[in-house]
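First up is the structure itself, then whatever we jot down about it.
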Amino acid sequence: MSFLGRGCGRCSPQVNVFAKRSFKSLKFPGESLDDITSPALIHGIHVFHCPDEVGIVAKLSECIASKGGNILNADIFVPEKENVFYSRSEFVFDPAKWPRLQMDEDFSKLSKTFNAMKSVVRVPSRDPKYKIAVFASKQDHCLADLLHGWQDKRLPVDITAVISNHDRGPNTHVMRFLERHGIPYHFLDTNKEDKNEGDILNLVKGTDFLVLARYMQILSKNFLQSYGKDIINIHHGLLPSFKGGNPSKQAFDAGVKLIGATTHFVTEELDEGPIIEQMVERVSHRDNLRSFVQKSENLEKQCLAKAIKSYCELRVLPYEKNKTVVF
């Protein structure tokens, strides 16, 4: 079914659509969008979530094409038996012909036309990177991996602070890294009676979302409501199995043959938030607890980094009460 087919009738429940174009415009693995477009053109991303009706795709396409933009690829999802539409489009455009503010206005009009629940556009090369604070307890593997991912520009974020309930020594790898790059480290001693959530809220003002990189504290309902933005957590287990503390040992003791890691949004219910990413690896009777944990930690690092990247690339959308669409 063609990309414009959504403007003419119903489509199948899930369609991946690629516009027909010349051989030179095709994107090959390892090739950046800058390699395949004119130097004058830059890359934009738009996601749309609205009640389903005939003509949405046609209007989205018209909005971009009428300003000289060109759609490189688009993902569309219309759940069976549900009156809801999801899309994510990548396109190129000339900023001289389609200024950023005008782009926002055009997509805003489209959003009002279709009563959209979500309509977000980003221009990665022009828009500010997402500002995040990273929370971590004693274990360093996820935190260190995120810091190196940020340093290598693999993660499109700016880390404004690291917040921990563990007092790291000044000569540790993490502390030397943070000092070298000017990222503040905040140690806040917590206990059951006082989790210092008021201080934490002050520290995370101005962030776009938070990342819990093995932060072994439960954030209260009050905190979640006061912060009011997304919080992403890595759980060292394949949810919904082995919830709560020490899931690696739980899984080891259960003799599982597959271990996993789960990245999910934080909600008031412990380890029950919508899942963004999951990864698995096979284990066997030959693994001892040490090798079991090592494999688990590697999965956690990969799973968390991929989820953050997907989130920043506008690939993650809410679906039903407790699910996500991940394009």
Side-chain angles (χ1 to χ4, degrees), residues 13-14 16 29-30 75 77 79-80 134-149 152 154-155 164-166 173-174 210-219 230-313 315-327:
Q14 188 170 4
N16 287 326
D75 289 302
F77 176 57
E80 190 174 357
V134 181
F135 290 57
S137 290
K138 188 174 183 179
Q139 290 182 295
D140 282 344
H141 59 283
C142 284
L143 171 59
D145 186 70
L146 292 184
L147 292 173
H148 287 294
D152 298 340
R154 288 182 281 113
L155 294 176
S164 181
N165 61 327
H166 176 68
H173 168 71
V174 166
L210 306 179
V211 175
L212 309 187
R214 295 301 305 275
Y215 185 63
M216 310 309 288
Q217 298 291 311
I218 298 173
L219 298 174
D230 288 327
I231 303 174
I232 295 175
N233 179 54
I234 179 68
H235 179 80
H236 44 307
L238 191 61
L239 292 175
S241 300
F242 309 118
K243 299 177 185 177
N246 211 350
S248 291
K249 189 169 188 310
Q250 289 181 51
F252 180 75
D253 291 343
V256 301
K257 302 305 179 189
L258 283 174
I259 59 170
T262 302
T263 310
H264 65 95
F265 289 114
V266 175
T267 59
E268 294 171 21
E269 296 77 27
L270 179 64
D271 294 336
E272 294 282 353
I275 292 171
I276 304 168
E277 183 60 60
Q278 290 187 299
M279 293 184 177
V280 297
E281 183 171 337
R282 182 163 292 280
V283 291
S284 76
H285 57 278
R286 298 184 185 278
D287 283 289
N288 56 31
L289 183 56
R290 182 177 178 180
S291 66
F292 195 99
V293 169
Q294 181 64 55
K295 288 180 178 179
S296 180
E297 289 182 352
N298 286 336
L299 283 177
E300 291 163 26
K301 292 187 289 187
Q302 296 171 49
C303 190
L304 181 58
K306 185 175 180 183
I308 292 171
K309 192 168 186 291
S310 293
Y311 183 90
C312 292
E313 292 175 350
R315 297 184 183 276
V316 184
L317 289 166
Y319 173 42
E320 294 185 336
K321 183 181 177 181
N322 203 39
K323 297 181 182 179
T324 56
V325 171
V326 183
F327 285 124

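Computation of the quantities below employed the complete heavy-atom set of this structure, encompassing side-chain atoms and omitting hydrogens, waters and symmetry-equivalent molecules.
The aromatic rings of His148 and His173 lie parallel to each other, with less than 30° between the two planes, well short of the 60° mark.
Taking the side chain as every heavy atom from C-beta outward, Pro274 and Val316 never approach each other to under 4.5 Å. Two residues are said to be in side-chain contact when any heavy atoms from C-beta on lie closer than 4.5 Å; Tyr311 and Val326 fail this criterion. Ile308 is listed as a side-chain neighbour of Leu146, based on a closest heavy-atom distance under 4.5 Å.
A distance-only check finds a donor-acceptor pair linking the side chain of Asp287 to the backbone of Ser284 [under 3.5 Å].
For the residue pair Ser164 and Ser137, the shortest heavy atom distance occurs at OG-O, 3.8 Å. Contact detail for Ile234 and Ala261: the closest heavy-atom pair is CD1-CB, 4.2 Å. Nearest heavy atom pair, residue Ala136 against residue Ala213, reads CB-O, 3.6 Å. The shortest non-hydrogen separation linking Leu299 to Met279 is CD2-CB, 3.9 Å. Across all non-hydrogen atoms, the minimal contact from Ala305 to Leu155 is O-CD2, 3.7 Å.
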Applying side-chain contact (heavy atoms from CB on, under 4.5 Å), run through Phe265 and Ile231 and close with a yes or a no. CA-CA 6 Å; Phe265 289 114; Ile231 303 174; over 6 Å; no

Asn288 vs Ser291, test: side-chain contact (heavy atoms from CB on, under 4.5 Å). Steps then yes/no. CA-CA 6 Å; Asn288 56 31; Ser291 66; 3.3 Å; yes

Test Val211 against Leu304 for side-chain contact (heavy atoms from CB on, under 4.5 Å), laying out the working first. CA-CA 9 Å; Val211 175; Leu304 181 58; 4.0 Å; yes

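Within the structure, the salt bridge (charged side-chain N to carboxylate O under 4.0 Å, His left out) test picks out the following pairs touching residues 300-313 (sequence neighbours left out): Arg214-Glu300, Glu277-Lys306, Lys309-Glu313, Glu313-Arg315. Residue pairs meeting the salt bridge (charged side-chain N to carboxylate O under 4.0 Å, His left out) criterion with at least one partner in residues 254-263, sequence neighbours excluded, are absent.
Going from atom CG of Leu212 over to atom CG of Leu143 covers 12.0 Å, rounded to the nearest 0.5 Å. Here the SG-NE2 distance, from Cys303 to His235, works out to 11.0 Å after rounding to the nearest 0.5 Å. Note that CG of Leu270 and CG of Asn233 are 8.5 Å apart. Values are rounded to the nearest 0.5 Å. Note: Thr263 OG1 to Ile232 CD1 = 8.0 Å, rounded to the nearest 0.5 Å. In this structure, CD on Glu281 lies 5.5 Å from CD1 on Ile259, to the nearest 0.5 angstrom. Expressed to the nearest 0.5 Å, how far NE2 of His166 lies from CD of Gln139 amounts to 10.5 Å.
Partner His264 forms a side chain to side chain contact (heavy atoms under 4.5 Å, CB included) with one of Ile276, Asp271, Asn322 and no other, that one being Asp271.
Taking the side chain to side chain donor-acceptor pair (under 3.5 Å) definition, one finds that Asp140 meets it with Arg168, sequence neighbours left out.
In this structure, Phe327 has its ring center at least 6.0 angstrom away from the ring center of Phe77.
Thr262 and Gln278 form a side-chain donor-acceptor contact under 3.5 Å, judged by distance and modelled atom types alone.
Shown here is Leu289, whose CG atom has more than 12 heavy atoms of other residues, nucleotides or ligands within 6.0 Å.
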